Structures are given as structure tokens and as C-alpha cells.
There are 2 protein chains.
Amino acid sequence: MKNKTLVVALGGNAILQADEEGTYREQLSNVQKAVAEIVNLIKEGYRVVITHGNGPQVGNLYIQNSLAGEVVPPMPFDVCSAESQGLIGYFIQQEMQNELAKNDIHIPVVTFITQVLVESDDPAFKNPTKPIGPFHNKREADLLGQKTSFVMKEDSNRRWRRVIPSPRPISIVEKEIIKKSIADGCIVIAAGGGGIPVIKKGKELIGIEAVIDKDLSACCLGIDINAEILLILTDIEKVALNYNTSDQKWIDRMSLEEAKRYLEQGHFKEGSMKPKIEAGVRFLENGGERSIIGSLLSASSAVKDSSGTTITL
Amino acid sequence: MKNKTLVVALGGNAILQADEEGTYREQLSNVQKAVAEIVNLIKEGYRVVITHGNGPQVGNLYIQNSLAGEVVPPMPFDVCSAESQGLIGYFIQQEMQNELAKNDIHIPVVTFITQVLVESDDPAFKNPTKPIGPFHNKREADLLGQKTSFVMKEDSNRRWRRVIPSPRPISIVEKEIIKKSIADGCIVIAAGGGGIPVIKKGKELIGIEAVIDKDLSACCLGIDINAEILLILTDIEKVALNYNTSDQKWIDRMSLEEAKRYLEQGHFKEGSMKPKIEAGVRFLENGGERSIIGSLLSASSAVKDSSGTTITL
């Protein structure tokens with residue numbers, strides 16, 4: 001029997017946590033814990049592809065670009081995204097190599113710089129929604145809006161931030177080589193931060209200032225490489241219905257139909273649990289066997305069905 | 001006959017030139033010109049591995065880290081180097097994919113995040129020589145020296161800069177997978193910026209604040225993957241003896257023995273032409289067939305021997 005291929009998506013917020021400063025050591029230590037869990041899955045024979053978010057990290061790169069903007073020409077957001085793939089890929093790759101070495105497992109680990117194709121007429125380009133970078137007051141926001149092509153939006157606390165489009169991923173540009181590397185027995189790190197968003201103009205790829213939801217990209221990656229399992233790791237143990245109400249109910253398992261119904265009923269929060277469930281559903285509708293959502297620190301038990309929430313056909 | 005494998009090393013200064021601001025567009029346009037030349041080599045049947053410098057780019061990342069240091073925890077230099085592999089790798093990968101598509105050539109292009117092993121007792125750690133980041137006056141330099149563990153050194157113009165060690169590369173950590181990808185017919189981009197420097201402590205890899213000369217890493221990569229040709233591209237057409245004197249003499253070809261003699265005689269400038277010749281010599285002494293030094297804009301004619309300087313056994 002062919003070993004199953006499992007796409008693991010690590011939350012960027014789980015690597016650089018909200019209550020942390022975001023130093024090198026903190027990030028490396030969080031990655032180390034996640035990687036130790038993933039090595040358990042490798043020991044059980046799964047072929048593993050790791051993808052990851054980059055919210056806090058690319059936010060930091062963007063702030064560095066802004067604050068140094070008078071001295072160093074700021075890079076557009078697709079380039080910041082490429083930088084974050086180098087940054088986080090390096091952390092995961094090195095920690096994975098070290099954890100494997102500690103366990104006397106000899107499997108190569110590779111990080112691919114990965115572009116993800118989006119449609120140039122995706123409706124997201126007309127309605128940017130993804131906030132990036134620092135908070136501003138109204139005066140600063142107006143000034144930025146005038147001086148640049150930035151779209152600025154107010155949040156619920158009367159703070160303003162730049163927003164950029166979040167188009168849907170269509171396909172992973174480097175999918176063939178990723179597939180080949182997994183077949184060759186490598187552990188692959190790819191499509192970090194949702195991938196570098198590119199559009200196609202004729203035969204040409206062009207980077208664009210946007211950010212793709214990393215869970216939807218993880219799903220797209222899973223479909224493109226014919227993975228059997230999609231494992232989305234975050235900072236919660238399980239998915240809940242009626243979250244944060246007196247009716248709250250944790251879910252261990254749900255069917256594809258149930259998941260779709262709950263989505264329609266609006267149980268899951270936009271930009272948080274909703275894209276994870278959507279990714280899980282889309283994965284199953286396109287050839288996947290199981291989608292699992294669980295905690296970064298219990299990846300291996302989530303795959304064994306003893307923690308997390310599993311969606312099956 | 002097996003097609004020959006050629007390692008091309010692009011100068012970071014050729015991608016972000018001294019008289020340029022360093023914008024995204026400028027860098028992309030320089031990369032595009034270099035890539036068009038390299039595609040000529042691919043059409044002739046060479047298997048190509050691209051590596052690149054990152055001097056100006058990682059310098060900019062370092063300045064961004066410094067200037068935003070009160071808001072975002074600065075990353076150590078090995079992490080900046082990983083970021084620069086994402087940044088420049090993305091530029092080269094995308095331009096290469098576009099140039100191949102324009103020529104109706106279907107070959108996958110991959111960028112690997114690459115670590116390079118150095119010895120923890122390399123003498124460079126006791127004598128840091130590689131200047132990085134912004135220039136300071138003496139007062140600022142003293143302050144930085146007191147507040148941090150930075151080593152500061154004065155240059156010939158009484159300006160001070162931080163210096164970090166430049167150890168010799170021992171081996172490319174990801175060499176096996178790079179070799180495999182080339183054998184599979186991919187165009188590989190690897191060991192950017194000289195590679196992310198790591199030392200080994202027991203079985204564990206640990207990133208260190210250092211920078212490896214990219215020409216020496218290109219040579220190390222060439223040896224590790226059994227390449228036949230090392231092509232070092234820079235902003236000059238040929239190597240010269242007695243450079244910048246009335247006795248100046250351009251060289252078309254030299255033997256390994258001649259190259260070694262010229263090195264001993266001190267013909268080549270430290271940190272500039274010297275490491276390129278050293279890399280060329282070391283490559284031939286370890287199984288390489290030809291080392292070529294030439295201009296970024298005439299890569300294909302340099303390989304045909306009609307420009308550049310060739311060193312052979």
C-alpha cells in the first residue's frame with residue numbers, strides 16, 4: 001500500500017504568538033514543538049508536506065519596509081511574501097532536519113519558493129479586505145491614502161490599516177516538482193504564507209500585491225499533489241458550533257454535508273475558523289479523504305482521531 | 001553523452017547595481033537580462049544550477065532590521081540571509097520561468113532554501129572581516145560596540161561598519177536533493193548569498209551570524225554536485241594581470257598552474273577578483289573541468305570561449 005500523503009498547515013500565529021515579542025529564539029522554539037509532533041507522523045509512515053501561514057512575520061517585514069522606506073526602497077507585498085518563505089522555511093527546515101537527526105531518520109527536507117496563481121479578475125481585487133502592517137489614526141490614514149495607492153480601512157476600534165486583496169488560489173505554480181519530491185521521499189515545505197500571489201498575462205507570470213489565505217492555499221496544494229489528508233493546525237483543540245455562546249458544542253467528527261450546512265448557518269468566524277472549514281470542505285470535494293482541524297501541539301493524536309475535528313466524506 | 005552541468009554564480013552587485021536605487025523593477029530588469037543569457041546555455045543543452053550573491057540586498061534587509069529595531073525584534077544575520085534567498089530566488093525563478101515560457105521550453109525551475117556548513121573553529125570567527133550594514137562615525141561605532149556584541153571596524157575613509165566573520169564553506173547541507181533535481185532535469189537556484197551559514201554541534205545544525213563568500217560557495221556547490229563547469233558572472237568582461245597599471249594585461253585563458261602562480265604573485269584584489277580566481281582554482285583541483293569568469297551580459301559567449309577568462313587543467 002502506498003503511504004498516504006498529508007498536507008500540514010501551520011498557523012503563522014502559532015509560530016509567532018500574540019503574547020510574544022517575536023524574537024528569533026521564540027519562533028524557533030515554537031517551530032521546534034510543532035516539528036516534534038510532525039516527526040511522529042513521519043515515523044508512522046505518512047509522506048508529509050508542510051505549509052505555513054506568515055501573518056505576523058510578513059507584517060513585521062512590511063513594518064520594517066515602511067520604517068526604513070526613506071533609506072531602502074520598500075519592496076511590494078509579493079516580494080515580502082517571498083522573503084517570509086525564506087525566513088519561516090529556514091526555521092522549519094532546520095528544526096525538522098535536527099529533529100530527524102535526533103531520531104536517526106534520514107530523509108531530505110526541502111523548502112521551495114512557491115508561487116500561487118490567482119485570477120486577474122478575482123472579485124477580491126475590487127474589494128481588498130486583508131489588513132496588513134501597522135495601525136494608523138484617521139489623519140495618518142488619509143495622508144497615506146493620498147500619498148500612495150494604498151486602500152485604507154477602519155476597523156471596529158476606529159483604527160485604520162492598509163488592506164490588500166485576498167484572491168482565491170487557482171493552482172500552485174511549482175506543483176509538479178513538489179509532487180515529484182514527495183514521490184522521491186522528501187519532506188517538502190511549500191506555499192508558505194499562502195504562496196506568492198501571481199497572475200498570468202499571456203505566458204508571463206507577474207507578482208501582485210495580495211495575500212492568499214494560507215488554509216485555502218493548503219487545500220489547493222493538497223488537491224494539486226493528490227494528497228489524501230489535509231491537517232490544519234492552529235491554537236485551538238477542536239471546532240465548535242455556536243462558539244462562545246451558552247449553546248457551544250465541540251465537534252469531534254462531521255460529514256462533508258454537515259460541514260457545508262454549518263458553514264451556511266454561519267457558525268464559523270470570517271478570517272478565522274471559516275476559511276479552515278471551507279478549505280476542509282473544498283479538499284474533500286476534490287478528491288481528498290479526510291480534513292482535520294486541530295491544535296499545533298497535538299498533530300499526531302489529531303490524525304489518530306483522538307483529538308481535533310475530522311471532516312470525512 | 002550526458003549533458004554537462006554548469007554552476008552559474010551571479011553577482012549580487014550585478015542584480016542591484018551600485019548606481020541604482022535598488023527598487024523592485026530595477027532588480028527584476030537586471031535579473032531578466034542575466035536570465036536571457038542563461039537560457040541560451042539551456043538551449044545548448046547544459047544543465048544549469050544558478051547561485052547568486054546577496055551583498056546589496058542583505059545589506060538592505062539588515063538596514064531595515066536596524067531601523068525598525070525598536071518595533072520589530074531584529075533577526076540575526078543567518079535569518080536575513082534566508083530572507084534574501086527568498087527575495088532573490090523569487091526574482092530569478094519567476095524571470096527564468098517567463099523566459100523559458102517565451103521560448104516554449106518546458107523545464108521546471110526551483111529555488112531551494114540552502115544551508116552551508118562551516119567549521120565552528122574556522123579562523124574567521126576570531127577575525128571578522130566582512131563589513132555589513134550602514135556606515136557610522138566613531139562615536140556611533142563605539143556606542144554600538146558597547147551596547148551590542150558587534151565588532152566594529154574602521155575603513156580607509158574613517159568610517160566605521162560592523163564586521164562579521166566570513167568562514168570557508170565545507171559542504172552544502174542540501175546537496176543530495178539539489179543533485180537529484182538536476183538529474184531530474186530541473187533548473188535549480190540554490191545556495192543564494194553564499195548559503196545560510198550553519199555549524200554542527202553533535203547532530204544539530206545551528207545558524208550563525210556570518211557570511212560565506214558566494215564564489216567559494218558556488219565552487220563548493222559545483223564540487224558537491226559533480227558539475228563540470230563553474231561560470232562566475234560579474235560586471236567585468238575578463239580577468240586582468242597588473243590590473244589598473246600601465247602593464248595591465250587581459251587574460252583569455254590560463255592553466256590551473258598559471259592561475260595559482262598569479263594568485264601567489266598577488267595580482268587579484270581581496271574580496272573582489274581574488275575569491276573568484278580562488279574558487280575557480282579550487283573547483284578544478286576537485287574534479288571540475290573548466291572555470292570561467294566573465295560578464296553577466298555575455299554568459300553564453302563566455303562558455304563558448306569567445307569572451308571572459310577560462311581556467312582549465
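A note on names: the letters A, B, ... follow the listed sequences, proteins ahead of strands, and every chain is numbered from 1. Bear in mind that the values here come from a model prediction, so they are computed numbers and not experimental data. Any value given below was found using the heavy atoms of this structure, including those in side chains, with hydrogens, waters and symmetry copies removed.
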Inset, instruction - With a 4.5 Å cut-off on heavy-atom pairs, point out which of Lys203(A), Gln85(A), Glu21(A), Gln115(A) contacts chain B the most. - result: Gln115(A)

Legend entry - Crowding at NZ, Lys200(A) (>12 non-hydrogen neighbours, <6.0 Å): no

Inset, instruction - Measure Ile177(B) against the heavy atoms of chain A and call it side chain, backbone, both or neither at under 4.5 Å. - result: side chain

Inset, instruction - With a 4.5 Å cut-off on heavy-atom pairs, point out which of Pro108(A), Cys80(A), Pro76(A) contacts chain B the most. - result: Pro76(A)

Inset, instruction - Select, from Leu87(B), Leu205(B), Ile206(B), the one with the greatest count of heavy-atom pairs under 4.5 Å involving chain A. - result: Leu205(B)

Inset, instruction - Would you check if Glu70(A) and Leu67(B) make a side-chain contact, meaning some heavy-atom pair closer than 4.5 Å? - result: no

Legend entry - Among Leu28(A), Thr23(A), Ile63(A), Val79(A), residue most engaged with chain B (heavy-atom pairs, under 4.5 Å): Val79(A)

Legend entry - chain A contact via Ile189(B) - side chain, backbone, both or neither, heavy atoms under 4.5 Å: neither

Inset, instruction - With the side chain counted from C-beta on, respond yes when Gln27(A) and Met75(B) share a heavy-atom pair under 4.5 Å apart, and no when they do not. - result: yes

Legend entry - Proximity breakdown for Asp184(B) and chain A, heavy-atom pairs closer than 4.5 Å: side chain

Legend entry - chain A contact via Glu176(B) - side chain, backbone, both or neither, heavy atoms under 4.5 Å: neither

Legend entry - Glu83(B) vs Tyr90(A) side-chain heavy atoms within contact, under 4.5 Å: no

Legend entry - Heavy-atom pair count under 4.5 Å with chain A, highest-scoring of Gly207(B), Gly59(B), Gly192(B): Gly207(B)

Legend entry - 4.5 Å side-chain heavy-atom contact, Glu174(B) and Thr111(A): no

Inset, instruction - Would you mind checking which part of Val109(B) comes under 4.5 Å of any heavy atom in chain A, side chain (CB onward), backbone (N, CA, C, O), both or neither? - result: backbone

Inset, instruction - Could you tell me whether a side-chain N or O of Gln93(B) sits under 3.5 Å from a main-chain N or O of Ile113(A), the two making a donor and an acceptor? - result: yes

Legend entry - Exercise: identify the closest heavy-atom pair between Asn98(A) and Glu204(B): ND2-CG, 3.3 Å

Legend entry - For Val198(B) against Gln94(A), the heavy-atom pair lying closest together: CG1-NE2, 3.4 Å

